[in-house]
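Predicted model, so just to flag it, every value in this text is computed and none were measured. Starting from 1, each residue takes its place in the sequence as its number.
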Amino acid sequence: MLQVANITKKYGKVVANNKVSFMVPDGSITVLLGPNGAGKSTVIKSIAGFLKYDGVITVDGKENKSLEAKRLIGYVPEIPALYPNLTVAEHLEFIARIYKLKDYKDYMNELLDRMELTDKKNKFGDELSKGMQQKLSICCGLLPRPKFLLFDEPMIGLDPHAIKELKGMFIELKNSGCSVFISTHMIDSIENMWDKTVIMQNGEVKAEVLRENIEKSGHTLEEIFFSVTESIKE
């Protein structure tokens with residue numbers, strides 16, 4: 001379980017996150033949904049351990065910045081951060097060495113095939129299109145088979161085939177017991193996949209929605225989202 005408790009992050013006088021709290025269950029697809037500027041990326045980067053903040057984040061009971069927790073977390077950023085002088089294959093080899101992976105070649109080739117990068121193995125990072133860079137970033141995040149996967153706007157820039165494959169991967173990861181945490185502002189991109197949605201606005205959590213409850217209510221996630229973020233009274 002991933003637990004975020006009272007996270008507050010300020011950039012000078014600007015409060016990006018204000019006492020943000022929520023939980024990501026094991027073996028689930030949890031979505032962090034909100035408009036641009038809601039503070040979603042700040043939450044993701046805080047969980048990944050890239051930012052200083054007030055509050056507590058734990059992964060399976062371990063402080064998220066500890067080495068034990070970092071081994072459990074995979075992260076796919078909104079903007080790929082690749083090495084210009086490493087090829088596609090070398091990026092994945094680099095990840096494998098960092099995590100000291102064994103018997104990873106078959107899975108690596110499977111990821112490359114599903115993201116249609118097999119014929120790009122020898123291309124350097126700066127030779128790839130933005131969409132291909134995103135595909136490689138996804139492969140790098142998945143290769144270590146982490147228990148918790150963080151995705152920040154993962155579908156931006158992807159072609160229809162890659163989006164289809166990635167959605168399939170989300171379901172496969174969930175069924176394998178992995179927790180998938182997706183930050184996005186595009187409601188239709190995660191339709192019919194999510195188990196839990198955390199809705200943010202102005203740096204705060206405004207609502208938490210469970211699929212089982214929304215199905216009973218007769219409303220759609222889109223209806224609830226706009227009701228929460230635009231104060232629509234039904």
For the pair [X] (side chain) and [Y] (backbone), establish whether a donor and an acceptor sit closer than 3.5 Å, ignoring hydrogens and angles.
| X | Y | result |
| --- | --- | --- |
| D60 | K62 | no |
| S28 | S179 | no |
| N64 | V59 | no |
| K40 | P35 | yes |
| E127 | F124 | yes |
| D152 | S41 | no |

For [X] versus [Y], what's the shortest heavy-atom pair and its separation?
| X | Y | result |
| --- | --- | --- |
| L158 | Q134 | CD2-CG, 3.6 Å |
| F151 | I44 | O-CD1, 4.2 Å |
| I138 | P154 | CD1-O, 4.2 Å |
| K70 | A48 | NZ-O, 3.7 Å |
| G203 | V20 | O-CG2, 3.4 Å |
| G74 | P146 | N-CB, 3.5 Å |

Side chains of [X] and [Y] in contact at under 4.5 Å (non-hydrogen atoms):
| X | Y | answer |
| --- | --- | --- |
| T30 | V180 | no |
| Y11 | L51 | yes |
| L143 | M108 | yes |
| C139 | L92 | yes |
| S137 | P77 | yes |
| L142 | M169 | yes |
| Y53 | N17 | no |
| I57 | Q3 | no |

Show your reasoning for whether salt bridge (charged side-chain N to carboxylate O under 4.0 Å, His left out) applies to E110 and R114.
CA-CA 6 Å; E110 176 190 337; R114 293 182 71 172; 3.5 Å; yes
Drop me the distance from [X]'s [atom1] to [Y]'s [atom2], to the nearest 0.5 angstrom.
| X | Y | atom1 | atom2 | answer |
| --- | --- | --- | --- | --- |
| S129 | K120 | OG | NZ | 8.5 Å |
| I214 | H219 | CD1 | NE2 | 8.5 Å |
| I224 | T220 | CD1 | OG1 | 7.0 Å |

Within 45° of the axis and under 6.0 Å from the centre of the six-membered ring of Y99, does NZ or CZ of R71 qualify?
no
Mind checking whether [X] and [Y] sit in one hydrophobic cluster, side chains of I, L, V, M, F, W, Y counted as touching below 4.5 Å?
| X | Y | answer |
| --- | --- | --- |
| F170 | L221 | yes |
| V24 | V76 | no |
| I7 | L150 | yes |
| I29 | L32 | no |
| V56 | V4 | no |

Using side chain to side chain contact (heavy atoms under 4.5 Å, CB included), reason through F22 and V43 one step at a time and then give a plain yes or no.
CA-CA 11 Å; F22 59 85; V43 170; 3.8 Å; yes
Does F94 have its ring centroid less than 6.0 Å away from the ring centroid of Y83?
yes
Are E153 and T184 linked by a side-chain donor-acceptor pair shorter than 3.5 Å?
yes
In terms of side-chain heavy atoms, does N122 have a donor or acceptor partner in T87 at a distance below 3.5 Å?
no
Go through the steps to decide whether L82 and H91 satisfy the test side chain to side chain contact (heavy atoms under 4.5 Å, CB included), and finish with yes or no.
CA-CA 8 Å; L82 304 179; H91 273 89; 3.5 Å; yes
List the steps and the verdict of side chain to side chain contact (heavy atoms under 4.5 Å, CB included) for D195 and L210.
CA-CA 6 Å; D195 299 297; L210 298 178; over 6 Å; no
Would E204 and K206 count as a salt bridge (charged side-chain N to carboxylate O under 4.0 Å, His left out) here? Give the steps.
CA-CA 6 Å; E204 299 180 348; K206 297 298 184 181; 3.2 Å; yes
Count the heavy atoms belonging to other residues, nucleotides or ligands that lie under 6.0 Å from CG of D106, then report whether that count exceeds 12.
no
Around atom NZ of K19, are there more than 12 heavy atoms of other residues, nucleotides or ligands at under 6.0 Å?
no
Could you give me the CA-CA distance, side-chain angles and deciding distance for Q201 and T229, then say whether side-chain hydrogen bond (donor to acceptor under 3.5 Å, both in side chains) is met?
CA-CA 7 Å; Q201 187 179 35; T229 59; 4.8 Å; no
Check against side chain to side chain contact (heavy atoms under 4.5 Å, CB included), V198 and V31
CA-CA 6 Å; V198 179; V31 176; over 6 Å; no
Members sharing I156's hydrophobic cluster, built from side-chain contacts under 4.5 Å between Ile, Leu, Val, Met, Phe, Trp and Tyr, are M186
Got a salt bridge between [X] and [Y], using NZ or NE/NH1/NH2 to carboxylate O under 4.0 Å?
| X | Y | answer |
| --- | --- | --- |
| E172 | K174 | no |
| K10 | D54 | no |
| K196 | E208 | yes |

I'd like to know whether E93 forms a salt bridge (charged side-chain N to carboxylate O under 4.0 Å, His left out) with K105, so could you lay out the CA-CA distance, the side-chain angles of the two residues, the decisive distance to 0.1 Å, and finally the verdict.
CA-CA 9 Å; E93 292 287 348; K105 291 291 181 70; 3.8 Å; yes
Assess the residue pair F181 and Y75 against the criterion (ring-ring contact (aromatic ring centres under 6.0 Å, His included)); give the C-alpha distance rounded to whole Å, side-chain angles, the decisive distance to 0.1 Å, and a yes or no.
CA-CA 10 Å; F181 188 54; Y75 172 56; over 10 Å; no
